[in-house]
Every structure is written in C-alpha cells, then in structure tokens.
Enquirer: 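Before we start, here is the structure in question, set down as structure tokens.
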Amino acid sequence: MWSFLSRLGFRKSPGSGESPGFRESRDEDMAEAERWLVVGLGNPGPKYAGNRHNAGFMVVDAMAADQGERWKVHKAHAEVAETRIDGVSVVLAKPRTFMNLSGGPIAGLARFYKVPMERIIVVHDEMDIDFGALKLKKGGGSGGHNGLKSATASLSGPDYLRVRFGVGRPPGRMDPAAYVLRDFSSTESPELDLNVGRAADAVRTILTDGLGKAQNIFHTAA
C-alpha cells in the first residue's frame, strides 16, 4: 500500500503513521468545515461604484485586493473570491443583483459553501452612524435598509453578523434614498480609503479573534 502511495508523492514522516499529504488534506477539510462567508452589499455596475450605498462592496473589494485574489462569477448570482486570512477559509462575495434582492445570492452562497448563519458577515452602509464610524453586531432589525431586509428574509432569520459602515444622515430635507445613491462628498473622499481599510480590518478581526474583540477595537462609541 505504501509503495503505491509513495509513487503518488506521499511519504511517511518519522515516528508517524500519517503522511504529510494526508495531514495537509485533513487540515484543508477542517478549514473548509469552518469556512466563513463575508458579503459586501451594494448595487452592481460602474454607475453605482462610488455611491455611499456601495460601501460594502468597497470593503470586500479592498479585502480581495489585499489577498491578491480576483473575482469570479458564481452561479448564485454573485461574484466571489475564495481565500484564506490567517489560516481561516473565507469566501468574499458581492451579489450581482440590485440591493433590494441581495438576500437570494447570500442564501445561495451559504447553501453552496455550507456556511451556517453564525459565520456569515454582512458589510453595509449605515445612515444612522456618522461618516467614519463603525458599529459591529450580531442580529437585529434592518433599520429600513433594503439589503438587510432581503438578507433576513432569504436567510429566514436576522442572526448573521453585521459590520455597519457609517455614511451619516442626508443634509437638510434630502431624500435618504437619493443620498445613499450619491458618491461620497469631496470632504469625505480623502478619508474614505482609511475608513474602508478600518472596516476591512474589523472583518479580519472577527474572523480570527471573534466579534467581542473586534467590537473592543473598532466599535465606535455612541
């Protein structure tokens, strides 16, 4: 048996009945069994790319770039980038539907990759938080956010993790729907990359150290 396996490149390590090849395969299986799904919310297409509503896309785009990963189209109507962050198996995702239909792709990816609710992180824009602030939590209502409404309906529950990216309230009597579909202002733009990077770091900390530690580091006090 071992002569056959040795021809395939497996080798016994001294004092062990397990080959490195088998051990690596087992480790990969264990990592996949603990895989996370990180979904950024936004609207697809260049017309919306710089909008406040696309803050979630911006964060997962930054994470994919940092990992040197490229997006690929998935049959669940999403773009995905599969990677590992500090040994944690992660699927980064962007729904290819419009915001109010985000839930279908999220649920489809969760089924395909066998990711339970407690390992799904949704990154989204939040008007009830000042620009530059972050709030991290598990569960809760949608706060009128159509992407969250759709995600909660499609996942049959709200108990996924959220990284809420503050975009601030609209000025004066501006329609909130119009506000989130506008690009960040000239005064906000210089700080945007920094804030996107902080949100990406918050996601990474959740993945490696848990929600509690991430809240202690990144959660902006009210």
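Below, each value reflects all heavy atoms present in this structure, side chains not excepted, and no hydrogens, waters or symmetry copies.
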Enquirer: Which atoms form the tightest heavy-atom contact between A93 and L37, and what is the distance?
Expert: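 Closest heavy-atom pair between A93 and L37: CB-CD1, 4.1 Å.
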Enquirer: Please determine whether side-chain contact (heavy atoms from CB on, under 4.5 Å) holds for the pair F112 and V91, giving the CA-CA distance in whole Å, both sets of side-chain angles, and the decisive distance to 0.1 Å.
Expert: CA-CA 11 Å; F112 181 87; V91 178; over 6 Å; no
Enquirer: Going from CD on E79 to CZ on F57, what distance comes out if it is rounded to the nearest 0.5 angstrom?
Expert: 7.5 Å
Enquirer: Minimum heavy-atom separation for G132 and N195, please, with both atom names.
Expert: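 Scanning both residues, the minimum pair turns out to be CA-ND2, 3.4 Å.
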Enquirer: Can you pull out every side chain to side chain donor-acceptor pair (under 3.5 Å) where at least one residue sits in residues 91-104? Sequence neighbours excluded, please.
Expert: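 Output for this query lists D61-K94.
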Enquirer: Above 12 or not: heavy atoms from other molecules or residues under 6.0 Å from NZ of K137?
Expert: yes
Enquirer: What residue pairs, at least two apart or across chains, pass salt bridge (charged side-chain N to carboxylate O under 4.0 Å, His left out) with a residue in residues 175-189?
Expert: R52-E188
Enquirer: Do M99 and N51 pass the side-chain contact (heavy atoms from CB on, under 4.5 Å) test, and can you show the C-alpha distance, the side-chain angles, and the key distance before you say yes or no?
Expert: CA-CA 12 Å; M99 180 69 80; N51 289 178; over 6 Å; no
Enquirer: Just wondering, do M127 and P170 contact through their side chains at under 4.5 Å, heavy atoms?
Expert: yes
Enquirer: Which pair of heavy atoms, one from I120 and one from A110, lies closest together, and at what distance?
Expert: CD1-CB, 4.0 Å
Enquirer: Salt bridge check, E82 against K72: does any charged N sit closer than 4.0 Å to a carboxylate O?
Expert: yes
Enquirer: Are L192 and V167 connected in the hydrophobic side-chain network, where two residues link if heavy atoms are under 4.5 Å apart?
Expert: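 In one cluster with L192: V167, yes.
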Enquirer: Is there a path from V196 to I85 through hydrophobic residues (I, L, V, M, F, W, Y) whose side chains come within less than 4.5 Å of each other?
Expert: yes
Enquirer: State, yes or no, whether a side-chain contact exists between L181 and N43 at a heavy-atom distance under 4.5 Å.
Expert: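 In contact.
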Enquirer: Minimum heavy-atom separation for K149 to S142, with atom names?
Expert: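 That closest heavy-atom pairing would be CG-OG, 3.3 Å.
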Enquirer: Atom CD1 in I206, atom CG in L136: separation rounded to 0.5 Å?
Expert: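 The CG atom of L136 is 4.5 Å from CD1 of I206, to the nearest 0.5 Å.
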Enquirer: Go through it in stages, so that I can follow the logic: the residues are K138 and R162, the test is side-chain contact (heavy atoms from CB on, under 4.5 Å), and I'd like the CA-CA distance, side-chain angles, deciding distance and then a yes or no.
Expert: CA-CA 6 Å; K138 176 182 178 181; R162 297 108 182 271; over 6 Å; no
Enquirer: Can you run down the side chain to side chain donor-acceptor pair (under 3.5 Å) pairs that involve residues 150-159, sequence neighbours left out, and say none if there aren't any?
Expert: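 Counting only pairs at least two positions apart or across chains, the side chain to side chain donor-acceptor pair (under 3.5 Å) contacts touching residues 150-159 are T152-Y160.
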Enquirer: Which label fits H53 and H145: parallel for a plane angle under 30°, tilted from 30 to 60°, or perpendicular past 60°?
Expert: tilted
Enquirer: Does any part of the side chain of E69, heavy atoms only, come nearer than 4.5 Å to the side chain of L92, both counted from C-beta?
Expert: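 Side chain of L92 against side chain of E69, heavy atoms only: no contact under 4.5 Å found.
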Enquirer: Taking the basic N atoms (NZ, or NE/NH1/NH2) and the acidic carboxylate oxygens, is any pair closer than 4.0 Å for R204 and D201?
Expert: yes
Enquirer: Can you tell me how far CZ of R35 sits from CG of L207, rounded to the nearest 0.5 angstrom?
Expert: 13.0 Å
Enquirer: Measure up the F184 and F165 rings against each other and bin them: parallel (under 30°), tilted (30 to 60°), perpendicular (over 60°).
Expert: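 Aromatic pair F184/F165 classed perpendicular.
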Enquirer: Is there a side-chain contact between V39 and P95 in this structure, where contact means two heavy atoms from C-beta onward sitting under 4.5 Å apart?
Expert: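 Sidechains of P95 and V39: in contact.
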Enquirer: Would you call R169 and D130 a salt bridge, taking side-chain N to carboxylate O under 4.0 Å as the test?
Expert: no
Enquirer: Could you report the tightest heavy-atom contact between V60 and G40, atom names first, then the distance?
Expert: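 Here V60 and G40 meet closest at CG1-N, 3.6 Å.
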Enquirer: Tell me whether W71 shares a hydrophobic cluster with V90, the cluster being built from Ile, Leu, Val, Met, Phe, Trp, Tyr side chains joined at under 4.5 Å.
Expert: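 Shared cluster, yes.
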Enquirer: Below 30° counts as parallel, above 60° as perpendicular, anything between as tilted: where do the rings of Y48 and F98 land?
Expert: perpendicular
Enquirer: Working note: H124 + R164, criterion side-chain contact (heavy atoms from CB on, under 4.5 Å); need CA distance, chi angles, decisive distance, verdict.
Expert: CA-CA 5 Å; H124 64 92; R164 305 159 70 198; 3.3 Å; yes
Enquirer: Pick one: which of I106, V123, N54 meets side chain to side chain contact (heavy atoms under 4.5 Å, CB included) with L41?
Expert: I106
Enquirer: Between A214 and A202, what is the shortest heavy-atom contact and its length?
Expert: CB-O, 3.9 Å
Enquirer: Is I217 close to D209 at the side-chain level, that is, under 4.5 Å between some pair of heavy atoms?
Expert: no
Enquirer: Please tell me whether I129 and L148 are part of a single hydrophobic cluster in this structure, the criterion being side-chain heavy atoms less than 4.5 Å apart.
Expert: no
Enquirer: Just wondering, do I121 and V163 contact through their side chains at under 4.5 Å, heavy atoms?
Expert: yes
Enquirer: Would V88 end up clustered with L211 when hydrophobic side chains under 4.5 Å apart are linked, directly or stepwise?
Expert: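 Yes, one cluster joins them.
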